[in-house]
Amino acid sequence: MAEYAVTFARSARRELEALVPALVGRIFPRIEALADDPRPQQCLKLRGRRGLWRMRVGDYRVIYAIDDEEKVVDIIAVRHRRDAYR
């Protein structure tokens with residue numbers, strides 16, 4: 001059973017929906033897995049961005065925030081790496 005709820009910012013949902021279905025098929029299962037473990041080994045905390053984490057999926061980055069008190073993982077952005085940190 002999932003320990004955390006995963007929510008999407010409206011902009012992140014649009015970014016994910018705009019991707020090619022093959023990419024969504026790779027990215028979405030990794031996002032779902034954050035419900036069980038919001039801090040998997042391959043994820044890193046972003047420097048200079050308070051409370052944000054990033055997960056690498058190929059050339060794409062999933063930027064998200066974790067609220068441990070509410071047990072929520074909020075997906076902020078799903079972008080190509082060249083645009084992810086702007």
Side-chain angles (χ1 to χ4, degrees):
M1 174 126 174
E3 195 174 316
Y4 285 73
V6 177
T7 61
F8 285 83
R10 185 178 298 154
S11 59
R13 184 176 300 279
R14 275 191 251 121
E15 290 169 350
L16 188 61
E17 290 171 350
L19 296 176
V20 201
L23 279 172
V24 174
R26 288 179 52 208
I27 295 171
F28 197 72
R30 299 277 303 275
I31 290 173
E32 286 180 322
L34 292 173
D36 294 322
D37 183 11
R39 295 175 184 90
Q41 194 171 18
Q42 69 273 17
C43 294
L44 296 174
K45 189 168 175 123
L46 291 179
R47 293 182 186 176
R49 305 288 297 268
R50 183 171 273 207
L52 292 184
W53 293 74
R54 73 115 167 122
M55 175 172 52
R56 180 179 167 210
V57 183
D59 285 340
Y60 283 81
R61 303 297 182 264
V62 178
I63 310 294
Y64 63 97
I66 303 169
D67 184 347
D68 288 314
E69 288 182 17
E70 298 291 326
K71 299 285 187 184
V72 174
V73 174
D74 187 27
I75 307 301
I76 308 291
V78 179
R79 297 182 185 148
H80 192 275
R81 65 187 179 122
R82 73 175 165 253
D83 303 320
Y85 307 108
R86 294 182 187 182

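One is the number of the first residue; the rest follow in order along the sequence.
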Side chains of I76 and S11 in contact at under 4.5 Å (non-hydrogen atoms):
no
Going through the checks in order, is the side chain to side chain contact (heavy atoms under 4.5 Å, CB included) test met by R56 and Q42?
CA-CA 8 Å; R56 180 179 167 210; Q42 69 273 17; over 6 Å; no
Set of residues satisfying side chain to side chain contact (heavy atoms under 4.5 Å, CB included) with respect to L46, sequence neighbours excluded
R49, L52, R54, I63, Y85
Has Y64 got a side-chain atom pairing as donor or acceptor with V6's backbone, closer than 3.5 angstrom?
no
For the atom pair CE (M55) and CD1 (I31), what is the distance rounded to the nearest 0.5 Å?
5.5 Å
Mark yes when over 12 heavy atoms from residues, nucleotides or ligands other than R39 sit less than 6.0 Å from its CZ; otherwise mark no.
yes
On a heavy-atom basis, the closest approach of D74 and A9 is OD1-N, 3.8 Å
Given a cutoff of under 4.5 Å between side-chain heavy atoms of I, L, V, M, F, W and Y, with clusters grown through shared members, what are the other residues clustered with V72?
none
What distance separates L16 CG from Y60 OH, expressed to the nearest 0.5 Å?
10.5 Å
Identify the two heavy atoms, one from P38 and one from I66, that lie closest to each other, and give their separation to 0.1 Å.
O-CD1, 3.5 Å
Would a distance-only check, ignoring hydrogens and angles, find a side-chain to backbone donor-acceptor pair under 3.5 Å from R61 to G58?
yes
Which residues satisfy the ring pair (Phe, Tyr, Trp, His ring centres under 6.0 Å) test with Y4, sequence neighbours excluded?
none
